[in-house]
Amino acid sequence: MNIVALMKRVPTTDLVAQVSADGKHLDASGVQYMVSFYDEIAVEEAVKTREKLGGEVTVITLGPAGAQKEMRECLAKGADKGITLVDENWADRDALSTAKALKEKVAELGANVVFCGRLATDRDNASVGPMLATLLGWACVTDVVELDLSENGGTAKREADDGIETFSFSLPAVITCQKDLNEPRYAGLKGIMAAKKKPLDETPAPEGSNQVEVVSLELPPARKEGRIVGEGAAAVPALIEALQNEAQVL
Amino acid sequence: MSTILVYVEHKDGAPKRASLEALGAARSVSDNVVAVLFGEGAREAAAGAAGAAKAVVLSGDTLSPDAIAKAVAEVAGENGASAFFASATSSGRDLAPRIAALLDSTLLSDCVAVTVEGDGIVLQRPWLAGKLLANLKSNAQVVCATLRRNVFAASDQAGPGEIVDGPALGEGLAKRTALDAKEGGPMDVSEAPVVVAGGRGMGSAEGFGILEELAAAFGNAAVGASRAVVDAGWRPHSEQVGQTGKTVSPQLYIAAGISGAIQHLAGMKTSKVIVAINKDAEAPIFKVADYGIVGDAFEVVPALTEEVKRIRAL
């Protein structure tokens, strides 16, 4: 089985975001990066799939040259090789343009199944996975919480607003991973050592045309100063009074 | 703005509220809104597509998202739509990227504002789970967007003047074979007007019992949870509020035993009113709260529940 996991490096979730001087970008100074939370789940599912069905796991990312920390982490957790599609403007690339760049690579590799996170925790678009599947003409199930995969296809459970949906599909397919799908493993020392010897390719990303223009970026409006209404259960009547008469939400 | 196509979800022969909000947002920037619907009861629901000049009902039925996307993209082409909107529901967020890709257009997800600027529209959407707000222009042939729930005013205008048959739904690649519906269960945390959330300070899975009671006393509340609580297995991930969970904007958010990590605050900071209950007067949650009570949740919450019950009985 030829298995691909898509991975994006994103700012760590503890980031206190600031707007850059031009008013159109995230201020990159001091930003630390990590593997997007849901992509960790995608990598884990890819490795589990190889453990069950055999084959090879390739992790693909679109990012800047030389940013290998996140890729090494995926390799340390069991992926076999990594490919970085190098684009110095990676952070500004829109979802469709990213999906198009990935499509070429995925097709070239002859992948049978592609795993990706349900969204990347920077732009939160939740678009690249289903867009990639659409461009390839493949099946896609999003927000998957349970997966049963065999050589030719499988069934996937999806978390929807009104319940859990079950889908059946044939391969090739794109699966976008929700938190409950698995528990990502830790990279042991052995994994970290092994990762250093695994192939990691960098190749230029195909040119893409961006359809999104940033007009401006802003910080969300600060909340107006609140107040402590009191201590312990004795403060409850004061709270109720405030919620009813001042905030008028009760 | 010329024609906007809106994907309308429906239940029991009427559009869902989230879709009426999407129609309202579309109507606020366009005089020619076209609704597209499919499935059992779609024709009946089409009449309720408030604000739409026309409704297109896809013929046939399918449980395949890729087949639905194809038919909707076809309707967008036939109607010369310059924009496509869907509510950011689980169905909207699943279908919209596929529809956008078929239209060779990118997608802006979970938008919180739509405004006209010149001959185009500017869409505002959160980045980094709301740590930043981006005002964006899409130069795509069809401007595709999903819209956050509970943000836009639902359209209360008249229904469509005409209801027409659209393209037939074809065979799809992935097929839904079952739906394990949560019938009459608690409201989803991203939909509920009141959210009662708990953190590590609730002590254990059992500790959430008093929050469930408070939610029940409100009647229109959902229970939410911090990441620590979900990771500990006390609550399901579907209830997690924050950067790796759900972003919520209820009328009232009550945080009990939640310290207020930045990842959590990103997910609930746009709530209309925030109440914090925490033993630690220095907890960061008090910095975003409108009203705070310093104290033990196990004393404060039951007292609050009794008061809410009393008020609701009046």
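Proteins get letters first, then strands, A, B, ... in listed order; numbering begins at 1 in each. What you are looking at is a predicted structure, and each value in this text was computed from that prediction instead of being measured.
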Heavy-atom pair with the smallest gap, counting every atom of Leu133(B) and Pro220(A): CD1-CA, 3.9 Å
Identify which part of Lys269(B) has an atom lying under 4.5 Å from any heavy atom of chain A, answering side chain, backbone, both or neither. both
Restricting to non-hydrogen atoms, name the atom on Ala233(A) and the atom on Glu299(B) that form the minimum distance, rounded to 0.1 Å. CB-O, 3.7 Å
Apply side-chain contact (heavy atoms from CB on, under 4.5 Å) to Leu250(A) and Phe218(B), showing your working. CA-CA 9 Å; Leu250(A) 212 67; Phe218(B) 276 108; 3.3 Å; yes
Give, as side chain, backbone, both or neither, the part of Ile274(B) having an atom under 4.5 angstrom from any heavy atom of chain A. both
Nearest heavy-atom neighbours spanning Leu219(A) and Lys131(B): CD2-O, 3.9 Å
Thr106(B) to Gln211(A) - nearest heavy-atom pair and separation: N-OE1, 2.6 Å
Which bit of Ala129(B) comes within less than 4.5 Å of chain A, counting heavy atoms only: side chain, backbone, both or neither? both
Got a donor-acceptor contact below 3.5 angstrom from the Asp161(A) side chain to the Ser90(B) backbone? yes
Salt bridge (charged side-chain N to carboxylate O under 4.0 Å, His left out) evaluation trace for Asp104(B) with Lys100(A): CA-CA 10 Å; Asp104(B) 197 31; Lys100(A) 283 181 177 175; 2.7 Å; yes
Under 4.5 Å from any heavy atom of chain A, what part of Leu108(B) do you find: side chain, backbone, both or neither? both
At a 4.5 Å cut-off on heavy atoms, which part of Val10(A) comes close to chain B: side chain, backbone, both, or neither? neither
Using non-hydrogen atoms and a 4.5 Å limit, figure out which bit of Leu304(B) sits close to chain A: side chain, backbone, both or neither. both
Verdict with reasoning, Lys272(B) to Val249(A), per side-chain contact (heavy atoms from CB on, under 4.5 Å): CA-CA 9 Å; Lys272(B) 184 163 178 263; Val249(A) 287; 3.9 Å; yes
Most contact-rich option vs chain B, by heavy-atom pairs under 4.5 angstrom, among Asp180(A), Asn125(A), Val141(A), is Asn125(A)
So that I can tick it off, tell me whether Arg123(A) and Asp110(B) are bridged by a salt bridge, with the cut-off set at under 4.0 angstrom between side-chain N and carboxylate O. no
Closest non-hydrogen atom pair between Ile262(B) and Leu15(A), with its separation: CD1-O, 3.2 Å
Chain A contact via Arg125(B) - which portion, at a heavy-atom distance below 4.5 Å: side chain
Does a donor on one side chain sit under 3.5 Å from an acceptor on the other, for Gln263(B) and Asp14(A)? no
Pro193(B) versus chain A, heavy atoms under 4.5 Å apart: side chain, backbone, both or neither? neither
Side-chain contact test, heavy atoms from C-beta onward, threshold under 4.5 Å: evaluate it for His237(B) versus Gln178(A) and give yes or no. yes
Within-4.5 Å side-chain heavy-atom neighbours: Asp290(B) and Arg227(A): no
Here the gap from Leu63(B) atom CG to Thr166(A) atom OG1, rounded to the nearest 0.5 Å, amounts to 11.5 Å
When Ser216(A), Ala133(A), Pro221(A) are compared by non-hydrogen pairs under 4.5 Å with chain B, the top option: Ser216(A)
Answer key: most heavy-atom pairs under 4.5 Å with chain B among Ala173(A), Gly153(A), Ala238(A), Ala160(A) is Ala160(A)
Go through the atoms of Val301(B) and report whether side chain, backbone, both or neither lie under 4.5 Å from a heavy atom of chain A. neither
Report the C-alpha separation of Arg176(B) and Arg158(A) in whole Å, then their side-chain angles, then the decisive distance to 0.1 Å, and conclude whether the side-chain contact (heavy atoms from CB on, under 4.5 Å) test is met. CA-CA 10 Å; Arg176(B) 196 175 89 182; Arg158(A) 165 174 197 271; over 6 Å; no
Are any side-chain N or O atoms of Arg223(A) and backbone N or O atoms of Val288(B), one a donor and one an acceptor, separated by less than 3.5 Å? yes
If you tally heavy-atom pairs under 4.5 Å against chain B, which of Leu132(A), Thr142(A), Asp124(A) wins? Asp124(A)
Is it the backbone or the side chain of Ser105(B) that comes under 4.5 Å from a heavy atom of chain A, or both, or neither? both
So which residue, Leu239(A), Leu119(A), Leu135(A), ends up with the most heavy-atom pairs under 4.5 Å with chain B? Leu239(A)
At a 4.5 Å cut-off on heavy atoms, which part of Ile240(A) comes close to chain B: side chain, backbone, both, or neither? side chain
Quick check: closest heavy atoms across Gln244(A) and Ile311(B), and the distance to 0.1 Å? NE2-CG2, 3.7 Å
Counting heavy-atom pairs under 4.5 angstrom with chain B, the leader among Glu213(A), Arg118(A), Glu231(A), Lys224(A) is Glu213(A)
For Val215(A), is there any backbone N or O sitting under 3.5 Å from a side-chain donor or acceptor partner on Lys137(B)? no
Heavy-atom check, side chain of Asp143(A) versus side chain of Asp94(B), under 4.5 Å: no
Heavy-atom distances under 4.5 Å only: say whether Tyr291(B) touches chain A with side chain, backbone, both or neither. both
Pick one of side chain, backbone, both or neither for Thr134(A), based on which atoms fall under 4.5 Å of a heavy atom in chain B. side chain
